[in-house]
There are 2 protein chains.
Amino acid sequence: MTPQRQLVIDAVRDLGHATPEQICARVQRAAPAVNITTVYRTLDLLERLGMVRHTHLGHGAPTYSEQEHQHVHLVCHSCGSVSEAPTDLMDDLAERLLRESSFELDVTHVALSGRCADCPDDHRTADDEEIR
Amino acid sequence: MTPQRQLVIDAVRDLGHATPEQICARVQRAAPAVNITTVYRTLDLLERLGMVRHTHLGHGAPTYSEQEHQHVHLVCHSCGSVSEAPTDLMDDLAERLLRESSFELDVTHVALSGRCADCPDDHRTADDEEIR
DNA sequence: CTATGTGCAAATCTTTTGCATGCCC
DNA sequence: GGGCATGCAAAAGATTTGCACATAG
């Protein structure tokens, strides 16, 4: 366990869910010399150790969060905000998938996409707004 | 409507769901001169026109499919296979999200992740296997 | 001494942009 | 001629790799 690794863990914990870039920026506030390469390598390592997990939020960037930090991500593709919902929302679905398709759902790995409460239902299609 | 655009539409239809790269390769079988830039631009255009949609399958690459081709994608993060399930699987969930979180779910935009019927439950974590 | 972690630079891959050309009306 | 679509080359952004150095055990 090196200082860099500890900093990455702290950053992941503090940020909740963040991209490698954001994590790197955070780490560099404490230790400017830390290279982004190290952040990538460390995230990879921590993930293999089961200490962090990553989730795909839709538009390319994977985000990392603590392993324990389990919830379903709801991404608004109009405003880009990410909110969280309890994983038991998915329990029924998970059960049905297992029964009907023998598919064992990993609830936390992928974000659900849609429009959040704050965004009006204008008629642009959702993807027009997606951050690239 | 140019020949290139028709070819892209055909490729999207034929391939079901495919990345821009795959679509480009397919198009180039018929017209080798077509540039990948054109594929990207055309997909963008077709998407704005509502003729195709794209879905995030988890590991970075977005895949494009016909607009009408509505279903939920199930991605196995052990073997990488993509299967499809009827969207009404998600109806209950969508309703609950709307009621409890005022979140209007877009069922088709994001793939669900998990382990498919064919993959044994070994104890590597799912993400170890994720295609990068 | 050996193994491992780190920083740096460069390579790679994907996607986007700028620009010149060509075609259609 | 004006506008739009295309191809090409280059840029941009994200991630990975090779390598040399340092440090710990």
Side-chain angles (χ1 to χ4, degrees), chain A residues 1-12 15 17-49 51-65 77 80 111 127-132, chain B residues 1-12 15 17-49 51-65 77 80 111 127-132:
Chain A
M1 179 55 54
T2 66
Q4 287 89 334
R5 289 180 181 173
Q6 188 58 55
L7 286 169
V8 169
I9 293 171
D10 292 346
V12 168
L15 295 172
H17 40 78
T19 64
E21 296 262 297
Q22 293 170 323
I23 291 165
C24 184
R26 178 72 164 222
V27 167
Q28 288 179 341
R29 277 175 26 191
V34 174
N35 196 279
I36 190 161
T37 306
T38 302
V39 173
Y40 278 107
R41 281 190 286 226
T42 303
L43 287 172
D44 219 61
L45 173 72
L46 294 177
E47 193 162 23
R48 254 190 310 264
L49 293 177
M51 299 182 63
V52 306
R53 58 166 58 234
H54 79 266
T55 303
H56 297 280
L57 254 38
H59 47 274
T63 66
Y64 289 78
S65 53
H77 47 204
D127 294 342
D128 290 353
E129 299 295 326
E130 191 158 286
I131 301 152
R132 300 232 154 180
Chain B
M1 179 56 54
T2 66
Q4 286 90 334
R5 289 179 182 173
Q6 189 59 54
L7 286 169
V8 170
I9 294 171
D10 292 345
V12 168
L15 294 171
H17 40 77
T19 65
E21 296 263 297
Q22 293 170 322
I23 292 165
C24 185
R26 178 71 163 223
V27 166
Q28 288 179 341
R29 277 175 26 191
V34 173
N35 196 282
I36 191 160
T37 306
T38 302
V39 173
Y40 277 106
R41 281 190 286 227
T42 303
L43 287 172
D44 219 62
L45 174 71
L46 294 176
E47 194 163 22
R48 256 190 309 264
L49 294 176
M51 299 181 63
V52 306
R53 58 167 55 235
H54 79 265
T55 303
H56 298 280
L57 252 39
H59 47 273
T63 66
Y64 288 78
S65 54
H77 48 205
D127 295 341
D128 289 353
E129 299 295 325
E130 191 159 285
I131 300 151
R132 300 233 153 176

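These numbers come from the heavy atoms of this one structure, side chains and all, not from hydrogens, waters or symmetry mates. So that the names make sense, note that chain A is the first sequence line, chain B the second, and so on, each numbered from 1.
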Exercise. Using the closest heavy atom to pick a nucleotide of DNA chain D for each, name whichever of A:R41 or B:T38 lands nearer the 5' end.
Key: B:T38
Quiz item: Separation of B:H54 atom NE2 from C:dT14 atom C1', in whole Å?
Solution: 15 Å
Quiz prompt | Nearest-Å distance for atom pair OH/C1', residues B:Y40 and D:dG13 | solution = 13 Å
Quiz item: Going by heavy atoms in the side chains, are A:H54 and A:L43 under 4.5 Å from each other?
Solution: no
Practice problem: Take atom CG of A:L7 and atom C1' of C:dG5, then tell me their distance rounded to the nearest Å. | Solution: 14 Å
Quiz item: Do you know which two heavy atoms are closest between B:Q6 and B:M1, and how far apart they sit?
Solution: N-SD, 3.9 Å
Quiz item: CG of B:L49 versus P of D:dC4: gap in Å, rounded?
Solution: 14 Å
Self-check item: Phosphate OP1/OP2 of D:dC8 contacted by B:N35 side-chain N/O (<4.0 Å)
Solution: yes
Practice problem: Answer whether the closest heavy-atom distance between the side chains of B:M51 and B:I9 falls below 4.5 Å. | Solution: yes
Quiz item: Among the nucleotides C:dT15, C:dG7, D:dT6, which one has an atom lying closest to any side-chain atom of A:Q4?
Solution: C:dG7
Practice problem: Classify the nucleic acid contact of B:P62 as base, sugar-phosphate or nothing, counting any heavy atom under 4.0 Å across all strands shown. | Solution: sugar-phosphate
Quiz item: Taking the side chain from A:Q4 and the backbone from A:V39, do they hold a donor-acceptor pair closer than 3.5 Å?
Solution: no
Exercise. Can you figure out which of D:dA14, D:dT6, C:dT6 approaches the side chain of A:T2 most closely?
Key: C:dT6
Exercise. Starting at atom CD of A:E21, determine the distance to atom C1' of D:dA12, rounded to an integer number of angstrom.
Key: 12 Å
Quiz item: C:dT15, D:dG7, C:dG5: which one has an atom nearest the side-chain heavy atoms of A:R5?
Solution: C:dG5
Quiz item: Could you state the CG-C1' distance from A:D44 to D:dA14, rounded to the nearest angstrom?
Solution: 15 Å
Quiz item: Would you say the side chain of B:I36 lies within less than 4.5 Å of the side chain of B:Y40, judging by non-hydrogen atoms?
Solution: yes
Quiz item: Over how many whole Å does the gap from A:I36 atom CD1 to C:dA10 atom P extend?
Solution: 17 Å
Quiz item: Between atom CD1 in A:I9 and atom C1' in C:dG5, what is the gap in whole Å?
Solution: 15 Å
